[in-house]
Amino acid sequence: MNQIININSFHKNLLSWFDNHARILPWRQNPHWYKTYLSEFMLQQTQVDQVLPYFLKFYHKYPDIYALANLEEQEILRQWAGLGYYSRARNLRKASIKIVKNFNGNFPETIKDALTLPGIGIYTAHAILSIAFNKPYAVVDGNVKRVISRLFTINEEITSIKALKKITPICDFLLNKKYPSKHNEALMELGATTCTPINPDCQSCPVNLFCKANQDNAVHLFPVRIPRKAKRNVFYYTFIIKHNEYFLLIKREAKGLLASMWEFPSLEGIEKGYSQKKLLKFITNDLGINGKIDHIYKSIKHQYTHLSASYTPVKITADSKKQTFEMFPDWKWIKPGELSQYPIHTAHKKITRNLEIETKG
DNA sequence: AAATCGGGGGG
DNA sequence: CCCCCAGATTT
């Protein structure tokens with residue numbers, strides 16, 4: 001720690017600010033550990049505004065841990081579709097099953113037990129135990145890291161392990177042991193609403209008098225960050241394969257990108273511009289379907305964290321509904337109206353909208 | 001320690 | 001277009 005701060009004054013300013021400025025969020029009303037648990041899974045690497053509709057839907061449909069534990073994987077993926085990071089949905093289900101089986105339906109109140117739950121790491125364990133059970137564990141999330149990096153002018157690159165090892169003990173020291181729940185939420189709230197990445201509102205910050213970066217007029221220099229590596233380009237041909245009113249939908253592998261999500265069968269390449277001959281060869285030789293290319297549509301772009309993807313829809317008319325595909329974990333010939341019964345990832349959902357597959361077929 | 005895993009919103 | 005976000009897990 002490179003500066004001495006009046007810890008009591010720090011706590012007082014932070015908590016009174018939170019009392020006056022806390023956003024009204026559904027998981028903060030009539031608090032219960034289940035709400036904290038569900039919201040924390042969704043909030044991993046995802047902003048509040050994006051989580052809100054999903055939290056409301058899930059809480060309404062699955063009001064307790066037993067409802068979640070009873071879900072099929074396919075169904076929780078379907079409900080989660082569009083929120084991203086789908087391993088969270090699988091882990092939420094597995095963790096819920098474990099809570100019912102091993103902990104009698106109650107969230108385990110020790111760090112050691114909480115960390116045995118899939119999808120729950122240090123941050124989420126600390127968050128649930130502090131926010132829902134008022135246990136004295138400090139949280140270190142993206143918001144807190146940014147706030148601390150400014151308060152104490154942390155020079156380590158913010159995503160590095162070095163930075164985390166420097167920031168964690170500071171958070172442990174700063175933690176308000178009397179009000180850990182409010183303290184943690186307040187620090188995260190401060191980062192989300194005031195100590196923002198760009199144009200932070202230092203004037204209205206309750207702890208600006210304790211902020212080294214603010215004193216040095218150097219808030220814009222923190223957190224320290226190095227540019228990311230360039231994204232890889234990926235090009236997909238996405239085949240809408242029709243036979244009468246049916247078209248082919250397949251399930252992705254259980255590992256890797258968009259694991260176990262459903263989509264139209266696709267050909268992946270690292271370069272653009274496959275010939276029609278090559279596309280038809282994929283259909284005939286790899287899928288074993290005889291048919292013809294009806295139309296090649298304009299491609300759509302979709303950005304992933306590490307990929308810059310382009311999807312080119314290709315409409316195929318098949319001679320028959322072939323029923324065996326060794327290359328897919330699962331598949332189904334479905335009618336357009338049945339599309340909503342499957343967990344479809346966002347890029348392919350865009351394609352169904354562009355091609356108006358749900359309505360026109 | 002680095003890579004992977006989604007998607008949306010903001011500058 | 002690039003940036004970031006109530007991180008966890010695998011390599």
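Computed from a predicted structure; not experimentally measured. Proteins come first, then strands; the chains are lettered A, B, ... in the order of their sequence lines, and each starts at number 1.
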For the hydrophobic clusters of this structure (ILVMFWY residues joined by side-chain heavy atoms under 4.5 Å, transitively), does one cluster hold both Met42(A) and Ile76(A)?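 Yes.
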
Give the C-alpha distance, both sets of side-chain angles, the deciding distance and a yes or no for salt bridge (charged side-chain N to carboxylate O under 4.0 Å, His left out) between Asp330(A) and Lys332(A). CA-CA 7 Å; Asp330(A) 202 356; Lys332(A) 193 95 175 175; over 6 Å; no

Touch class at under 4.0 angstrom, heavy-atom based, for Arg252(A) against every strand present: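 Nothing: the residue Arg252(A), judged by heavy atoms under 4.0 Å, touches no strand.
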
Using Watson-Crick and G-U wobble pairs with both distances under 3.5 Å, what is the 5'-to-3' dot-bracket string of DNA chain B, with [ ] for crossing pairs and | for pairs outside the strand? |||||.|||||

So which nucleotide from dA1(B), dG7(B), dA2(B) ends up closest to the side chain of Lys229(A)? dA2(B)

Nucleotide of dG6(B), dG11(B), dA6(C) approaching Ile198(A) most closely (side-chain heavy atoms):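 Output: dG11(B).
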
Is it the case that the side chains of Ser130(A) and Asn184(A) hold a donor-acceptor pair, with the cut-off being a distance below 3.5 Å and no angle test?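 Judged by distance alone, the side chains do pair up.
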
Would you measure the distance from the P atom in dA8(C) across to the matching atom in dG8(B) and give it in whole Å?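 Comparing P positions in dA8(C) and dG8(B) gives a spacing of 22 Å.
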
Residue of the set His21(A), Lys182(A), Arg23(A) for which side-chain hydrogen bond (donor to acceptor under 3.5 Å, both in side chains) holds with Glu189(A): Arg23(A)

Give a yes or no on whether a salt bridge exists between Lys135(A) and Glu109(A), defined as a side-chain N under 4.0 angstrom from a carboxylate O.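 Counted as a salt bridge, because a side-chain N and a carboxylate O are separated by less than 4.0 Å.
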
Main-chain N/O of Ser266(A) paired with Tyr311(A) side-chain donor or acceptor, under 3.5 Å: no

Check: Asn244(A) side chain, Tyr246(A) main-chain N or O, donor-acceptor pair, under 3.5 Å: no

Under 3.5 Å, N/O pairs linking protein and nucleotides 1-4 of chain C:
residue, atom, partner, partner atom, Å
dC4(C), OP1, Arg225(A), NE, 2.4

Strictly below 4.0 Å, heavy-atom distances to any atom of DNA chain C: list the hits from residues 111-129 of chain A, or just say none.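 DNA chain C contact set from residues 111-129 of chain A: Pro118(A), Gly119(A), Ile120(A), Gly121(A), Ile122(A), Tyr123(A), Thr124(A).
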
Look at the side chain of Thr46(A) against the base of dG7(C) and say whether a donor-acceptor pair falls under 3.5 Å; ignore hydrogens and angles. no

Is the centre of the His302(A) ring less than 6.0 Å from the centre of the Tyr304(A) ring? yes

